[in-house]
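Chain A is the first sequence line, chain B the second, and so forth, proteins listed ahead of strands; every chain is numbered from 1.
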Number of protein chains: 2
Amino acid sequence: MPSPATLHDVAKLAGVSYQTVSRVVNRSPNVSTRTMEKVNRAIADLNYQPNRAARSLVTGKSNAIHVLAFDIHNLRTLPAMQHGAYSQGYQLRLSGFQRNEDAVRDLRACLRDIAASQVDGMLLILPWVLVTESELSDLMGKIPYVVVGSSLGYGTNAVLVDQREGMRMAAQHLLDLGHRRIAAIQGIEHYYDAQLRQETLEKVLRKNGLELVASERGLFEMVSGYEAALRLLANGPDFTALVCANDEMALGAIRAIKSQGLRVPQDVSVIGFDDLPFAIFSDPPLTTIRQDFNALGTLGLQHLLSLIRTPDIAPHQRLLYPELIVRESTATLTSPTIKGRS
Amino acid sequence: MPSPATLHDVAKLAGVSYQTVSRVVNRSPNVSTRTMEKVNRAIADLNYQPNRAARSLVTGKSNAIHVLAFDIHNLRTLPAMQHGAYSQGYQLRLSGFQRNEDAVRDLRACLRDIAASQVDGMLLILPWVLVTESELSDLMGKIPYVVVGSSLGYGTNAVLVDQREGMRMAAQHLLDLGHRRIAAIQGIEHYYDAQLRQETLEKVLRKNGLELVASERGLFEMVSGYEAALRLLANGPDFTALVCANDEMALGAIRAIKSQGLRVPQDVSVIGFDDLPFAIFSDPPLTTIRQDFNALGTLGLQHLLSLIRTPDIAPHQRLLYPELIVRESTATLTSPTIKGRS
DNA sequence: ATAAAGTGTGCGAAGGTTCTCTTAATGTGC
DNA sequence: GCACATTAAGAGAACCTTCGCACACTTTAT
């Protein structure tokens, strides 16, 4: 078989018009059982598959969902999205781009391109605050979209984990353990999560009459956590607990702390954020805030699908709650050395 | 503007025929500079974007590459593929499926569906040996494809890292350190990498007049490495070195070893495979075999592109070489306890 | 028996491109 | 100033599908 079969081929074989074949394929009710059977047999014989491009041309739909993400590298929600889309009969398309000075221009170009390919909906992963709500809305035109993992405002459909609540739990956990001298390694500037986590940490401390002892910025990956921790330690370990904006940096930080002859958690308690797979196998196992990325991905896709099917739903956000996972990298404040100082 | 502009809209505005606009868009040489300018201005004014579906319908191409992968969860080659595709003007589509008893049927269904959407090429990530070379070739029809990370045979275009060489280096490293009693945690049965690594390990040992002391199977993730190590240790630590089929399992194994009051590397040397980001930050930092997943992804995409552009290239494979990264989880055999036993 | 409603099927058009062919306009050489 | 090659641009068909409309035929209600 050189070129794939078309509606016409099937029609000829089944002895009906090609429109009738179309009706069978699309499960139109107005077709008799007899002809349906004939047609189905012909379809099977020819191994007919509807041409997606032609279908898309006439319907203006594509049965595809586009995932646009910054930094695909740690796109932890992707598996759930893919699985959800596939099980609902949607194709998944993917594009991502880097964090650079042209990001907004890139985003614009990307969206133009995507708009031309008639996707039915988009999932946007924009950890970085780079467009306003109304800008995005303009760029997207009439394509339904859901922002996953961050929020641009109450007018945008979004699915996210309550970062404030997560950091509140982390901070409270350390306070409950008796820590008063707390330092932080925060995430990338302008990142939505990083900002919220840092803000909330400071707020909770302030409410308890405390301030951060010190704070360094990292890039959400291990090496930067290591380096940030070394910088913090350079001034002497004048803190008993270290809050890291994610698990990767926490892992780096733990290594830095150990390298200075200090112990985790006896000398410094360390808490992470995310609960990545390696967190439980770090030494010591990492206390952290779990975010359920699978749930996030699944929920994002569901939200988008409901938007596609019922376009005039009022914009709303779906919020997931994180969970404190206490392991062994945090402990009650006991070290006499540190106690003496505080 | 309710509906997006078409060739006809642009043509009307520019005062030319729509075919001329098409020529401008596709950079046909036979168009005068004057009209080209007029048309380009009109395109800009109307924010015209060619309709991909219509284009795809007539050309039979889609400017899209499909990545079909088992277990998207750890698709480390994806970022490079995405980046490569994007920079070459190709869209990336993604589908993945689970490892289950219906895998072959799923694969078949997936490929049928993909064939109908006229992708220009496919990248297949099939870590699991589940179809033969000729089966795959039949399923794919005339769509160009490259298998990434595994090899089905010499007739299939593939890009991969030399697993044998990697394991050879790992084994030799341990032998050079004086280890003679070596155990292994192997990967998932039927996985291409798992098989090759295990085979090679056994072969190298045999060549040196040795045999594996023990061997347990894991599932390529941390918990299973932990459990496999515990099983190995249950018979007493009658080995001085442990080869793990990947870093995740190595991390789990290290934890298990420590939990039994043994030290890494003093009592047991542990070596991993892959060199994932966390490997350098484990405690102790993990000696491992580095695979360059970015290079693998980039090369896979390049290979596919060259296939698309020059279809009658003879099938061939591109081989990357791994690298031994010596860190602190392996050491020379010194422990007298173990020495006494051997 | 007749009109109305319902069912199954065919016909033609449309959707936005690209491709081949044809025509008009321009330029070249003697 | 004429035949001829070359270049620029238009005309029409084709790609494969869905959708609205019309037609024929069967059933139901009056």
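- Thr77(A) pairs with exactly one of Leu296(A), Val67(A), Leu123(A), Thr298(A) by the side-chain contact (heavy atoms from CB on, under 4.5 Å) rule, that one being Leu296(A).
- Between Val146(B) and Arg318(B) the shortest side-chain heavy-atom distance does not fall below 4.5 Å.
- Ring geometry for Trp128(A) versus Phe70(A): interplanar angle over 60°, hence perpendicular rather than tilted (30 to 60°).
- In this structure, the side chains of Tyr48(A) and Leu7(A) come closer than 4.5 Å at one or more pairs of heavy atoms.
- Note that the first and last nucleotides of DNA chain C, 5' to 3', having any atom under 4.0 angstrom from a heavy atom of chain B are dG16(C) to dC19(C).
- Of the possible donor and acceptor atoms, none in the side chain of Asp120(B) sits under 3.5 Å from a partner among the backbone N and O of Ile65(B).
- Contact annotation: the side chain of Val148(A) never approaches that of Leu124(A) to less than 4.5 Å [non-hydrogen atoms, C-beta and beyond].
- Taking the side chain to side chain donor-acceptor pair (under 3.5 Å) definition, one finds that Ser150(A) meets it with nothing, sequence neighbours left out.
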> Which letter, B, S or -, goes with each nucleotide of nucleotides 7-17 of chain D from 5' to 3', with contact meaning a protein heavy atom under 4.0 Å?
Replying inline: -SBBBBB-BBB
